[in-house]
Amino acid sequence: MLPEPVIFEHSRPGRRAPSHAPAAMADLAGLPAAALRRSPPPLPEVSELQVVRHYTRLSQLNFSIDTHFYPLGSCTMKYNPRAANRLAMLPGFLGRHPLGPEEHGQGFLACLYELQEMLKGVTGMTGVSLTPMAGAQGEYAGVAMIRAWHEARGDTARRVIIVPDAAHGTNPATATMCGYEVREIPTDARGDVDLEALRAAVGPDTAGIMLTNPSTLGVFERRIGELAAIVHGAGGLLYYDGANLNAILGRALPATMGFDVVHINLHKTFSTPHGGGGPGAGVVAANARLEPHLPVPIVGLRDGRYAWLTRQERPASIGRLSAFMGNAGILLRAYVYMRMLGAEGMRRVSGHATLNANYLMVRLRGAGFDLAFPQRRASHEFIVTLKGIARETGVTAMDFAKALLDRGFHAPTTYFPLLVPECLLIEPTETESREELDRFIDALVDIRDLARRNAAEVKEAPRTMPVRRLDDVRAAREPDLTWQGRPHPAAR
Amino acid sequence: MLPEPVIFEHSRPGRRAPSHAPAAMADLAGLPAAALRRSPPPLPEVSELQVVRHYTRLSQLNFSIDTHFYPLGSCTMKYNPRAANRLAMLPGFLGRHPLGPEEHGQGFLACLYELQEMLKGVTGMTGVSLTPMAGAQGEYAGVAMIRAWHEARGDTARRVIIVPDAAHGTNPATATMCGYEVREIPTDARGDVDLEALRAAVGPDTAGIMLTNPSTLGVFERRIGELAAIVHGAGGLLYYDGANLNAILGRALPATMGFDVVHINLHKTFSTPHGGGGPGAGVVAANARLEPHLPVPIVGLRDGRYAWLTRQERPASIGRLSAFMGNAGILLRAYVYMRMLGAEGMRRVSGHATLNANYLMVRLRGAGFDLAFPQRRASHEFIVTLKGIARETGVTAMDFAKALLDRGFHAPTTYFPLLVPECLLIEPTETESREELDRFIDALVDIRDLARRNAAEVKEAPRTMPVRRLDDVRAAREPDLTWQGRPHPAAR
Amino acid sequence: MPFIPHTEEDVAGMLAVIGAGSIDELFDEIPASLAIAGLPAMGAGLSEAQITRLMLDRAAADGRPLCFIGAGAYDHYIPAAVWELATRGEFYSAYTPYQAEASQGTLQLIYEFQSMMAGLTGLDVANASMYDGATAFAEACLMAVRANRKSRSRRVLTTRALSPVFRAVACGMLAGQGIELVELPLAAGRTDTGALAGLSGGDFAALAIQQPGFLGTLEAVDELTDWAHAQGMLVIGVCNPLLLALLEAPGSWGSAGADIACGEGQPLGIPLSSGGPYFGYLTCRQALVRQMPGRIVGRTLDVDGRPGFTLTLQAREQHIRRSRATSNICTNQGLMVTAATIFMSLLGAEGLRRVAAQCHANTRSLVQALTALPGVSLAFGPYCHEAVLRFDRPVAPLLAGLSAAGILGGHDLSADYPELGHALLVCATETRSADDIQAYARTLASLLAHRA
Amino acid sequence: MPFIPHTEEDVAGMLAVIGAGSIDELFDEIPASLAIAGLPAMGAGLSEAQITRLMLDRAAADGRPLCFIGAGAYDHYIPAAVWELATRGEFYSAYTPYQAEASQGTLQLIYEFQSMMAGLTGLDVANASMYDGATAFAEACLMAVRANRKSRSRRVLTTRALSPVFRAVACGMLAGQGIELVELPLAAGRTDTGALAGLSGGDFAALAIQQPGFLGTLEAVDELTDWAHAQGMLVIGVCNPLLLALLEAPGSWGSAGADIACGEGQPLGIPLSSGGPYFGYLTCRQALVRQMPGRIVGRTLDVDGRPGFTLTLQAREQHIRRSRATSNICTNQGLMVTAATIFMSLLGAEGLRRVAAQCHANTRSLVQALTALPGVSLAFGPYCHEAVLRFDRPVAPLLAGLSAAGILGGHDLSADYPELGHALLVCATETRSADDIQAYARTLASLLAHRA
Ligand SMILES: Cc1ncc(COP(=O)(O)O)c(C=O)c1O
Ligand SMILES: Cc1ncc(COP(=O)(O)O)c(C=O)c1O
């Protein structure tokens, strides 16, 4: 694979792809000269073929679900059905203006309304808002709703959100965004929340707790009922981070576990694409207590037709989270996926995701790898710790990750959760075959054996990628964030 | 790039991608058991993700216009506009049944009618039929029309088609398909048809001549007027192989050169995709003499509406060439392209294609490469002969071709036309930039220099492709044409 | 200009290198008498936005009628993945895989395609496609004539159950080489095996059997195959490849099996698209492979002994053998083969079988619903996934009435099969719902009532 | 089951390895009291063909009305190449590029995007996107409050020309952190610079200026910028990025230029799609980069000294800094950025400028055509690409009438700007033809006549 220059390097002054713009420059009458730009923006000037070739080549430099097994823990990298893409991109859906009247949107709104109903079903909640644009915004919505609830009751002393140490970084960051203090509580040796520490942490300042179950440690929090009682008992509410819903789909409901509000990453459990970083959708669902505070707009029925419910109908709402209604196109993809699965398909998602994770876990244990929680069932993911191998050979989790790339596998999540040293958080998902898992096990064993024979060789990885290991320290110390018209000054 | 197994190797008995078929097997009542298949066909059993991943990976093993410069002579590998693809694949066009009534096809037929008119314009002919499905079928149509014309006049003694030695293989093969004998005539030292030999070859048995101008030698046949007079004088007709029309678009017309019938490869000049081997479209145009014999159907007007003209309206037609009306979807792509170009754009096609070819030719000559016809202008393509280098170093045109692959370029056409030894037929097309041509020149020079320094290293090429040089002799001697359930027995 | 990357500076610099004063000067070998100033009739170029709006309007203008026409092209569901993959630039914009090392994607795919088609038809080898079903049939006949060294006859026997357009195209292509098609008659919609006796001993290179026949009926393929082989003919099976998931493969007809199979590949993931591009498939016994027209891919080894794929047996082809090639075909229907291969992979044998079975069941429902109406009857059976209905009045006005109501009611047989009277060929694929069928029946009922 | 590759044999074999009797047994850590038997309300799964038909019907049901609404989302032409490339599996189905060596495609593309956005806004650095324009604006305010160490104020000054939905979203997000938005009033549709004097000396972290304002009018950006800087405020420019090909870049406003720019990226190749997914962009001066929320890509070298791209400055982000991160954003709008980068590459500066100019010219034609009607007048100017029309009667019934005729006539301002009376915000992008504008004017004329 030859390296591909930056698009600006293909640029030549005066080069055009002219079929994409009006044939002539329109008259600017009416625009005051003072408002006009004095010099044109430095965009590339390239032909259509150059654009197509450049971005086609760039795309080929990526690993993706469509090309590689991608067992990134906590990310649920499953197959993204192509039908969902095609149907969400029907011209009728793409062309609809967000402020278009409801009479020109009944077909679209019908999909959203049914999606809301299905999401109530999978969470056990009574209300849903589709508007959050990613998991973190769903978290924001959930915590803001908790805050609104306390405030509505005049209970203004609650300024702490409790977060377990295993939590995803978005949880504490969200609490801060909502103006809360974060209080971290530890995990016990078996991977459960330390309930004693929780008891000690709750009090009249407790606004709530943010939790995912199964946790990011890949295990199900068995004493969730007791935990909920502690928090509720202290006057706090429970927020469910639904990033791991794939593990329990059709097996258990956040509502009956005692949660008051939940967000779901549709781009994980409901298989909308990750798009190289987004967009996703982080829909939020709440029980009767918090439902009035859900963000707007929500799709409702008015005179037998679908209609947007806004602040007018929902005065206690925390309000809008986006200029319009959220990531509509992503919602349509999730809708298509859910309708294709149906009841049986959804339950099989969690079943086979868990089967794959437990199979991988048991076989890796059998091959001599250390598990973070060897006495536990895996949920849809589990953790291997490479502390022992690292101590023995100097080969780290990062080295394993890079060596996997050379063997045709994307790496699992590394160094998260932070509390497990040298960890790999491995989530195979239900759409991978047993053969693929077997090949992945072989690759890990192969790397481990090589580490023992020749650690330096593992540390040389990757060797087959478009670049070798990158200097992150240089990147942060000498930020080179935009094209300045020249190749990297230190490049060979 | 790791090798990708054959799809059958991903198969497991009982594996399914079940969203693509009815949920249950329908009742077969009414089908006699004797007609039913006794054992299921051995198709792969794979999941949707496996299919997507497999074919995505396979696609990445290809060179293509969208990824590489592809200067394949006589093939006109120019950029295929993505708009043409999208518009030809609008659901309304894709869903139309070929036997659907004309009232449900006026939009589609309007495009075809206008395409016919435009094609008359670019050839100077009076009639067009869009039905031939590739260049060779266009040739077939043209020669069959010549035959029909002679036969209609009762002139049944004409059993020879004349073909220059530089002609593409489809020309003589077509003549045979039409029941003609082929008489080959030589090319002179300057790349023109040897008119003396032609004079000697024509006679009362001459049905016609098949010619492309500029020829596949990359030069314009200057004495075409005299040539036409010789053939017409002998009672023969002139067939124009329009595979090289890109060279003269908007500069000269086959009709005024004296041709009676012409086919055009829309997949060359009018930029419909090659699709890894097809489909194309080989529309045929004729002057008034041959027009009645054009294949059907043809789009005409009837009572102010577009309608198919068939044998009923066109009794002298050579008939149908396909079950329906040809490669409609390809015709739509060419229509979109031609409308986007317009008059000015079409003339620039030939202008810039010729500019690129002459620039490349002059620079390669300057770099010490031997041209087949150094005293001539290049048309849209030209020939380098590596005879000298081959004699000097043993490095052949084939070796150059393989070494180009390693440098990120598709090879030019090699060993065609057959009369030029160790030749590269190079056609850059108008959609490549000067920088790309410069890089290509650098690559050729680099290979030539390496050949002189270290011929063996050139002969090792390619080294960066998914496979190294393949054993064609083994392929032909021990044909392995279908999957027999096992890896290649001799594979390492 | 659209699609041309040259800046003014590029052009000037390149002309300077060439030593020419202008681009026009580069055409100085074209005699002045032939040079034209341009193509003013082509008009001004449209922007992408303008042509998009035009094409959207035209596509919309054609409506989306409910289709009950089959007759050689079928409205099957095509999974989204098929064309999203097939139109990837690396497949879409590649040439014929002449440089094997840089075309392994296309080559391996064709090898897989050949394997699938050989498997479906029960024969040994397949080529990489013909233009469409009709030309594949013509090439099969040419191939049989070349291959049947025993008979050396220039006549091919076929039946009136063969698609009339296949017959028309083949007649034209065979006539050039002095080859003749002779037709067996029908009895009750099927080839009349009673007529065989009269032809025994007649000299034919091959017998071509379409299963199911154009009229939807199932032929006595075993009996016909065995008879033809006994006469020294080769046997050509003409089959809808989708239905081969359900029906016996030509390679297993009779006691020895057909020698060649061919047909229209459109049902395997190719959109109707007004008739093309589709693709023809062609498979045969190993012994006939050197008579096969078209491209063939083989698996071989590279210099390191690793497997790879390449075009092979090219000595049959026009670019090598020129006037003595097995065919003039060069560009074929590659991208359609790409789509069909992906389609077959997604569906698998079981998926294809279910689709085929559902088509049969839906057509049965349609026949039941329509023959319940006065003056409409089933012409004959057993049928597979299309059927002929007989009417008590001319079909054309009824079809016009249906069309006005947004229903394409079937294919009028009066031109091609006048002997059948007022006959209509109907088809309901797996994509037609029970509601669709009811809509057809309701509309037809009211038309029949009004015009009774 | 859809999308699950396991055969029965696979499942049995895997359970045997695990030592479990059934898949259900793998859930034995879920307390029995919490376990549910399934989700019967979800109904039966649909095949791809079934859901396709449903979605085709629903998309068709919504019609394709002629749209003259802007108000933050614009109907521009998107070249076919944009989404054909952006939906390639390698872009579409990749995760955030955490493993840099296996994600160079996405990383290099983001670097190119950052370069383009920095260039368009005339600032130094850009991040890899925010959720949409509204949240980008809120994050810009949070960033300004953090960054303005001199003022330490928790108030941000903005104007009534700011998009009302941007304001609403930001108010909510800022309130949690005790930050307040204060609004400058309008005079004749533009921010009233006369009101500045009264606010001088007031303590604000920043002034946010939208150019053009939500009402389409052009603001006195130079004067406002210089005033704010003189007061020790940072300046946030809120801009439609497409119009920045035509209008002065925020980085060049006044004598020192704005410090931060943000806005809605939708005009850069993103379909209207009922409101999302779009993307927010955010750029700033180099000095503020460590206060920037969201992902940032940097160019660096690999161990062989070759250039490559990687996520950088991650110490700002939630996965490292957790509760002290610059924002909680994690998943952003990556694929939209992919599309926008391709879009900008295809259009270039000149293409964007022409599109912007054509939008302006078309809106001018629209204003001329509509204000020629009785009772319709232009509210104020100078405007760019959208304009406010004043009517002599309520706008809602007219819009309903237009909608019934398949025309979306604009955005009714009565709820958000009651002080403007019967006011309508209209927009005609480059995709609206002269015929479209005439159709609007004709329909409106007849509505006005009927209801006069
Ligand atoms: C456990 C958990 N919570 C929350 C998030 C944040 O979701 P998003 O990236 O959609 O904002 C993630 C995403 O990786 C996660 O894994
Ligand atoms: C000169 C010439 N003639 C004819 C043909 C045959 O055209 P097709 O491949 O479309 O059948 C070609 C194709 O390469 C050609 O180059």
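In this text, all values refer to a predicted model and were calculated from it rather than measured experimentally. Residue numbering restarts at 1 for every chain, and letters A, B, ... go by the order of the sequence lines.
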*Using a strict cut-off of less than 4.0 Å between a Lys/Arg side-chain nitrogen and an Asp/Glu carboxylate oxygen, indicate whether B:Glu344 and B:Arg347 qualify as a salt bridge.*
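Looking at B:Glu344 and B:Arg347, the cut-off is not met.
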
*Under 4.5 Å from a heavy atom of chain A, the part of B:His68 involved*: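 Both backbone and side chain of B:His68 come within 4.5 Å of chain A.
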
*What part of B:Glu4 lies closer than 4.5 angstrom to a heavy atom of chain A: side chain, backbone, both or neither?*
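Neither the backbone nor the side chain of B:Glu4 comes within 4.5 Å of chain A.
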
*Residue by residue, which of residues 70-81 of chain A have a heavy atom closer than 4.5 Å to a heavy atom belonging to chain B?*
A:Tyr79, A:Pro81

_All salt bridge (Lys or Arg N to Asp or Glu O under 4.0 Å) counterparts of A:Arg469, not counting sequence neighbours_ =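 Checked A:Arg469 against salt bridge (Lys or Arg N to Asp or Glu O under 4.0 Å); matches are A:Asp399.
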
_Residue part contacting chain B, namely of A:Leu90, when any heavy atom lies under 4.5 Å_ =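 It is neither, since no heavy atom gets under 4.5 Å.
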
*asked:* Report which part of A:Arg407 has an atom under 4.5 Å of a heavy atom belonging to chain B: side chain, backbone, both, or neither.
replied: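 For A:Arg407, the contact with chain B is made by the backbone alone.
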
Is any side-chain heavy atom of [X] closer than 4.5 Å to a side-chain heavy atom of [Y]?
{"X": "A:Glu381", "Y": "A:Ile426", "answer": "no"}
{"X": "A:Trp483", "Y": "A:Glu9", "answer": "yes"}
{"X": "A:Leu437", "Y": "A:Asn356", "answer": "yes"}
{"X": "A:Arg15", "Y": "B:Ser433", "answer": "yes"}
{"X": "A:Phe440", "Y": "A:Glu432", "answer": "no"}
{"X": "A:Leu450", "Y": "A:Glu457", "answer": "yes"}

Flag the one option from [options] with the top tally of heavy-atom pairs under 4.5 Å to chain A.
{"options": "B:Glu436, B:Arg53, B:Glu435", "result": "B:Arg53"}
{"options": "B:Val52, B:Thr67, B:Thr56", "result": "B:Thr67"}
{"options": "B:Met340, B:Arg82, B:Arg12", "result": "B:Arg12"}

*Would you name the heavy atoms of B:Ala401 and B:Ala411 that are closest together and state the gap between them?*
CB-CB, 3.5 Å

